[in-house]
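Report on the following structure.
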Amino acid sequence: MKNNFIQRTVTGALIVAVLVCCIVISPISFAILFAIISALAVHEFSNLVNNNENVSTNVVINILGGVYLFFAFLGFCMNLSGSQIFIPYLFLIIYLIISELYLQKSNPVNNMAYSTLTQLYIGLPFALLNVLAFQVDNTGTISYNYALPLSIFIFIWLNDTGAYCFGTLFGKHRLFERISPKKSWEGFIGGAVITLITGFVLGRFFPFLSSIEWAGLGLVVSVFGTWGDLAESMIKRHMGIKDSGTFFPGHGGILDRFDSLLIAVPAAVIYLYVITLF
C-alpha cells in the first residue's frame, strides 16, 4: 500500500512536471509532446477496441491520422498553411471506409465506426489544443500563448483534487452511480468551486481574459472534464477493464490520465469562440 502510494506520487509529479515544462518552454516542445501523447493515446484506444469481438481496426493508419491531424491544426493555427493542409487527412478518412470493401473482415461496420470514433474522440481533442495555444492579436500577428493550454490542465487537476477532497469529506449523494459509484454531487460541486476560484486568480496573472471569463472557462472545464471522465469510465465498463493501460505506473494508461481533456478541450474552444462574439 505504501509502495503504491509512493509510486503514484512520483509518477504524478513527473507527469505534471513534464507537461508544465513542455507547454511553457516553447511551441516546439509543446508540439512534440502532444503529438507523441496523441499517437500513444490513439494506439492505446485502438488496441482496446480491437480486443472486442469482431473488431479489427488498422492501428497504424489510426495513429497516422491522429498525428497528422495534430500537425495539420498546428500548421493552420500558425498560419503556415491554408485549409488545404487538411486534404490528406480527408483522404485518410475516405481510405478507412473504402478499404473495408476489400479487406473482407468479419464486421466492416464495426471497424469503420471504431476507426472514425478514434479520430473524433482521441485525435481531434489533442489537435484542438493548437487552437488554444496560438492566437492572433489586433495587428494580425500570431503568437504562442502557453496560458490557455496550461490553464486547461490546471483546471482539470484542481477540479479532480477538489472533487476528491470534498467527496471524501462530504460525499453522500451519488453523481452517476451507474458509471462511477464513488463520484458524488458534493465532490463535483467542490471541484467546480475550486476551478471558479482558480479562474479569478488566473485573471490577475493573465489579463487577456477578464476574471469573469477565466472563471467561466474554469467552470466549463470542470463540467465537461467530469463528463469526459465519466465517458471513459463508461467505455472501460463496457469493455470490462479497470484501466485503459499500464503506461503510467500506479496511474493506469494514457487515456486514464487524459480522459477529462478529451471533452474539456473541445468545450473550451467552443466557449472561447462564443465569448468573442459578444
Side-chain angles (χ1 to χ4, degrees), residues 12-42 66-80 121-137 141-161 194-196 198-211 213-229 254-255 257-276:
L14 287 174
I15 293 171
V16 172
V18 170
L19 284 170
V20 171
C21 288
C22 287
I23 292 173
V24 172
I25 289 173
S26 76
I28 296 175
S29 59
F30 163 84
I32 292 173
L33 174 68
F34 286 106
I36 292 172
I37 292 175
S38 178
L40 292 172
V42 169
V67 173
Y68 184 85
L69 186 63
F70 180 87
F71 282 113
F73 266 91
L74 177 68
F76 183 75
C77 291
M78 294 180 69
N79 203 27
L80 299 176
Y121 177 53
I122 309 295
L124 182 60
F126 283 107
L128 286 173
L129 282 169
N130 291 293
V131 177
L132 300 177
F134 297 94
Q135 291 144 31
V136 183
D137 62 22
T141 302
I142 296 175
S143 60
Y144 175 66
N145 185 348
Y146 68 82
L148 280 176
L150 180 60
S151 73
I152 302 299
F153 287 98
I154 292 173
F155 286 136
I156 288 173
W157 293 331
L158 292 180
N159 179 69
D160 289 347
T161 302
I194 294 296
T195 58
L196 278 172
T198 304
F200 283 109
V201 173
L202 288 176
R204 301 292 298 272
F205 291 95
F206 304 105
F208 61 87
L209 291 179
S210 70
S211 293
E213 289 170 337
W214 273 115
L217 179 61
L219 186 60
V220 166
V221 172
S222 174
V223 173
F224 286 88
T226 301
W227 272 326
D229 190 334
I254 295 287
L255 297 178
R257 292 303 93 212
F258 294 95
D259 51 1
S260 298
L261 182 86
L262 300 178
I263 307 296
V265 167
V269 170
I270 293 171
Y271 167 78
L272 292 169
Y273 271 114
V274 168
I275 64 174
T276 60

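Leu33 and Cys22 get closest at one heavy-atom pair: CD2-CB, 3.5 Å. Nearest heavy atoms, Ser211 versus Gly203: OG-CA, 3.8 Å. In this structure, Ile122 and Ala41 approach most closely via the heavy-atom pair CG2-CB, 3.6 Å. Listed here is the closest heavy atom pair of Gly66 and Ser38: O-OG, 3.8 Å.
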Name the atoms and distances for all side-chain donor-acceptor pairs under 3.5 Å in residues 144-155, with sequence neighbours left out.
{"from": "Tyr144", "atom 1": "OH", "to": "Ile23", "atom 2": "O", "distance (Å)": "2.4"}
{"from": "Asn145", "atom 1": "OD1", "to": "Ala147", "atom 2": "N", "distance (Å)": "3.0"}
{"from": "Asn145", "atom 1": "ND2", "to": "Gln135", "atom 2": "OE1", "distance (Å)": "3.1"}
{"from": "Ser151", "atom 1": "OG", "to": "Ala147", "atom 2": "O", "distance (Å)": "3.4"}
{"from": "Ser151", "atom 1": "OG", "to": "Leu148", "atom 2": "O", "distance (Å)": "2.7"}

Side chain to side chain contact (heavy atoms under 4.5 Å, CB included) evaluation trace for Ile37 with Leu261:
CA-CA 12 Å; Ile37 292 175; Leu261 182 86; over 6 Å; no

Taking it one step at a time, do Tyr271 and Leu219 satisfy side chain to side chain contact (heavy atoms under 4.5 Å, CB included)?
CA-CA 10 Å; Tyr271 167 78; Leu219 186 60; over 6 Å; no

Residue pair Leu74, Phe134: steps toward the side chain to side chain contact (heavy atoms under 4.5 Å, CB included) verdict
CA-CA 8 Å; Leu74 177 68; Phe134 297 94; 3.4 Å; yes

Quick one, Ile194 with Asn159, criterion side chain to side chain contact (heavy atoms under 4.5 Å, CB included). Give me CA distance, side-chain angles, the key distance, then yes/no.
CA-CA 6 Å; Ile194 294 296; Asn159 179 69; over 6 Å; no

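Classification of the Phe206-Trp214 ring pair by plane angle, with boundaries at 30° and 60°, yields tilted.
In this structure a side-chain-to-backbone donor-acceptor pair under 3.5 Å is missing from Asn130 to Phe71. Checking side-chain atoms of Thr161 against main-chain N and O of Trp157 turns up a donor-acceptor pair under 3.5 Å.
To the nearest 0.5 Å, atoms CG (Asp160) and OG (Ser222) are separated by 9.0 Å. Atom CD1 of Ile36 is separated from atom CZ of Phe70 by 10.0 Å, given to the nearest 0.5 angstrom. Atom CG in Leu262 sits 14.0 Å away from atom CZ in Phe224 (nearest 0.5 Å). The distance from the CZ atom of Phe34 to the CG atom of Leu129 is 5.5 Å, given to the nearest 0.5 Å.
Residues Leu209 and Leu202 fail the side-chain proximity criterion, which asks for heavy atoms closer than 4.5 Å.
With sequence neighbours excluded, the residues that form a side-chain hydrogen bond (donor to acceptor under 3.5 Å, both in side chains) with Ser29 are Ser26.
Among Asp259, Val221, Asp229, Thr226, the single residue meeting the side-chain contact (heavy atoms from CB on, under 4.5 Å) criterion with Ile156 is Val221.
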